Engineer: 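Dumping the structure here so I can ask a few things about it.
Values in this document were obtained by computation on a predicted structure and should not be read as measured data.
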Amino acid sequence: QVQLVESGGGLVQAGGSLRLSCAASGRTFSDYTMAWFRQGPGKEREFVAAISWSARSTDYADSAKGRFTIARDNAKNTVWLQKNSLAPEDTAVYYCAADNREHFPPSSYEYWGQGTQVTVSS
C-alpha cells in the first residue's frame, strides 16, 4: 500500500501561483511514477502532469504546458506541482497518484490521494 497526502491548496487570484505537495508513505517512493490529476466542478477527472521514478521523464497535459512544473525528491518521498499564471478554469480538486508499472506514463494509476482544493478567483 502507498498512502498519499496532498497539501498546499487554497484560494488564489488569477495570475497568481501555488505549489501543491504530495507526501508518500508505505512503499519505496522511488519505485513509483507520480502524477497529478484534477477534477473541476461538473467535470471529469483529467490528467495534469506525471514524472517518472528517476525524474528523467515528465509528461504534461496541453493545459499545463508552460505554466505548471512537476518535480520530485525521492529522499523526501515528496512530489510537487508548481502552478503559475493560474486562471479560474484551473479551479479544481487536485489529486496525487502513484503507479509502479514500467511504462511511462502509465495508462492508469493504482494509488490515489484524497485531493486538495484549489480555487482561482477572477
Engineer: Please check if the number of heavy atoms outside Trp80 that lie under 6.0 Å from its CH2 is greater than 12.
Structural biologist: yes

Engineer: Treating Thr91 as the side-chain partner and Val120 as the backbone partner, does any N or O pair qualify as donor plus acceptor under 3.5 Å?
Structural biologist: yes

Engineer: I'd like to know if the side chain of Asn74 and the backbone of Trp53 have a donor-acceptor N/O pair within less than 3.5 Å.
Structural biologist: yes

Engineer: Check residues 4-20 and write down every donor-acceptor pair under 3.5 Å in which the side-chain atom is one partner and the other belongs to a residue at least two apart or another chain.
Structural biologist:
{"from": "Glu6", "atom 1": "OE1", "to": "Gln114", "atom 2": "N", "distance (Å)": "3.1"}
{"from": "Glu6", "atom 1": "OE1", "to": "Gly115", "atom 2": "N", "distance (Å)": "2.9"}
{"from": "Glu6", "atom 1": "OE2", "to": "Cys96", "atom 2": "N", "distance (Å)": "2.8"}
{"from": "Glu6", "atom 1": "OE2", "to": "Gly115", "atom 2": "N", "distance (Å)": "3.2"}
{"from": "Ser17", "atom 1": "OG", "to": "Asn84", "atom 2": "OD1", "distance (Å)": "2.9"}

Engineer: Only counting residues at least two apart or in another chain, list the ones meeting side-chain hydrogen bond (donor to acceptor under 3.5 Å, both in side chains) with Thr69.
Structural biologist: none

Engineer: Cationic tip of Arg27 within the cone over Tyr32's six-membered ring, i.e. under 6.0 Å and within 45° of the normal?
Structural biologist: no

Engineer: Between Val48 and Tyr95, is any pair of side-chain heavy atoms under 4.5 Å apart?
Structural biologist: no

Engineer: Quick check against the 3.5 Å criterion: does Arg72 have a side-chain atom that pairs as donor or acceptor with the backbone of Ser52?
Structural biologist: yes

Engineer: Identify the heavy atoms of Gln39 and Lys43 that sit nearest to each other, and give their distance.
Structural biologist: NE2-O, 3.0 Å

Engineer: What closest approach, in Å, do Pro106 and Thr33 show between heavy atoms, and which atom pair accounts for it?
Structural biologist: CD-CG2, 3.7 Å

Engineer: If hydrophobic clusters are built by linking Ile, Leu, Val, Met, Phe, Trp and Tyr wherever their side-chain heavy atoms come under 4.5 Å apart, do Ile51 and Tyr111 end up in the same one?
Structural biologist: yes

Engineer: Can you confirm if the aromatic rings of Phe68 and Trp36 lie within a centre distance of less than 6.0 Å?
Structural biologist: no

Engineer: Measure from the side-chain N and O atoms of Arg101 to the backbone N and O of Ser108, and report whether any donor-acceptor pair falls under 3.5 Å.
Structural biologist: yes

Engineer: According to side-chain hydrogen bond (donor to acceptor under 3.5 Å, both in side chains), who are the partners of Asp90, at least two apart in sequence or on a separate chain?
Structural biologist: Arg38, Arg67

Engineer: Can you get from Tyr60 to Val79 by hopping between Ile, Leu, Val, Met, Phe, Trp and Tyr side chains that sit under 4.5 Å apart?
Structural biologist: yes

